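Keep in mind that this is a model prediction, so the values were computed, not measured.
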Amino acid sequence: MTKIFVGNLSYQTSEADLEKAFSRYGRVSSVRMVMDRASGSPRGFAFVQMPGIDDAEEAIVRMNGQLISGRAISVSE
């Protein structure tokens, strides 16, 4: 299981948006948007888990710098 960090997210980006984008490169086990405890609003980053290491590595390379909700995201393991 590979956990992928996704940063520079727009506050309008949803977990479903990320799952759809990353599922182009393989099966997505889970997506977790990190929320601010006090306000409950998104903090601008998330974690995507993919079971296949090859799929995860391809997703990292291909998704880094791509636009989601109008922002270029940063993607790393």
Side-chain angles (χ1 to χ4, degrees):
M1 188 79 58
T2 303
K3 186 182 280 189
I4 301 168
F5 171 82
V6 184
N8 198 37
L9 292 171
S10 163
Y11 296 131
Q12 286 73 39
T13 303
S14 69
E15 289 180 351
D17 294 335
L18 289 176
E19 184 170 2
K20 181 179 177 183
F22 278 82
S23 66
R24 288 182 251 167
Y25 305 104
R27 191 166 71 83
V28 174
S29 299
S30 68
V31 176
R32 185 174 67 86
M33 299 284 293
V34 178
M35 306 300 240
D36 183 87
R37 289 183 187 177
S39 68
S41 61
R43 292 189 57 200
F45 66 96
F47 295 96
V48 175
Q49 284 194 316
M50 297 181 80
I53 186 74
D54 293 335
D55 295 340
E57 287 175 351
E58 182 177 1
I60 290 168
V61 169
R62 293 186 182 260
M63 291 298 297
N64 190 41
Q66 294 297 311
L67 292 178
I68 294 184
S69 300
R71 295 189 71 170
I73 61 171
S74 61
V75 182
S76 62
E77 185 172 354

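Ser69 contributes atom OG, which lies 5.0 Å from atom CG of Asp17 (distance to the nearest 0.5 angstrom). The CD1 atom of Ile4 sits 9.5 Å away from atom CD of Glu57, with the distance rounded to the nearest 0.5 Å. If you take CE on Met33 and OG on Ser14, they are separated by 7.0 Å, rounding to the nearest 0.5 Å. Here CD of Gln49 is found 9.0 Å from CZ of Arg32. Values are rounded to the nearest 0.5 Å. Within the model, atoms CZ of Arg43 and CE of Met35 stand 11.5 Å from one another, a figure rounded to the nearest 0.5 Å. Atoms NZ and CD, on Lys3 and Glu77 in that order, are 11.5 Å from each other to the nearest 0.5 Å.
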Exercise for review: Apply side chain to side chain contact (heavy atoms under 4.5 Å, CB included) to the pair Met50 and Val48, showing each step before the final yes or no.
Suggested key: CA-CA 7 Å; Met50 297 181 80; Val48 175; 4.2 Å; yes
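In this structure, Phe22 and Ala59 approach most closely via the heavy-atom pair CD2-CB, 3.8 Å. Taking all atoms of both residues into account, the shortest heavy-atom contact from Asn8 to Ala72 is ND2-O, 2.6 Å. Across all non-hydrogen atoms, the minimal contact from Met63 to Ile68 is CE-CD1, 3.8 Å.
Checked by atom type and distance alone, the side chain of Ser23 pairs as donor or acceptor with a backbone atom of Glu19 at under 3.5 Å. When atom types are taken as modelled, the side chain of Asp36 and the backbone of Pro42 share no donor-acceptor pair closer than 3.5 angstrom.
With a 4.5 Å cut-off on side-chain heavy atoms, Asn64 and Val61 do not count as touching. Using a 4.5 Å heavy-atom cutoff, the side chains of Val6 and Thr13 are not in contact.
Cluster partners of Phe47, using a side-chain heavy-atom cutoff of under 4.5 Å among ILVMFWY residues and allowing indirect links, are Phe5, Val34, Phe45.
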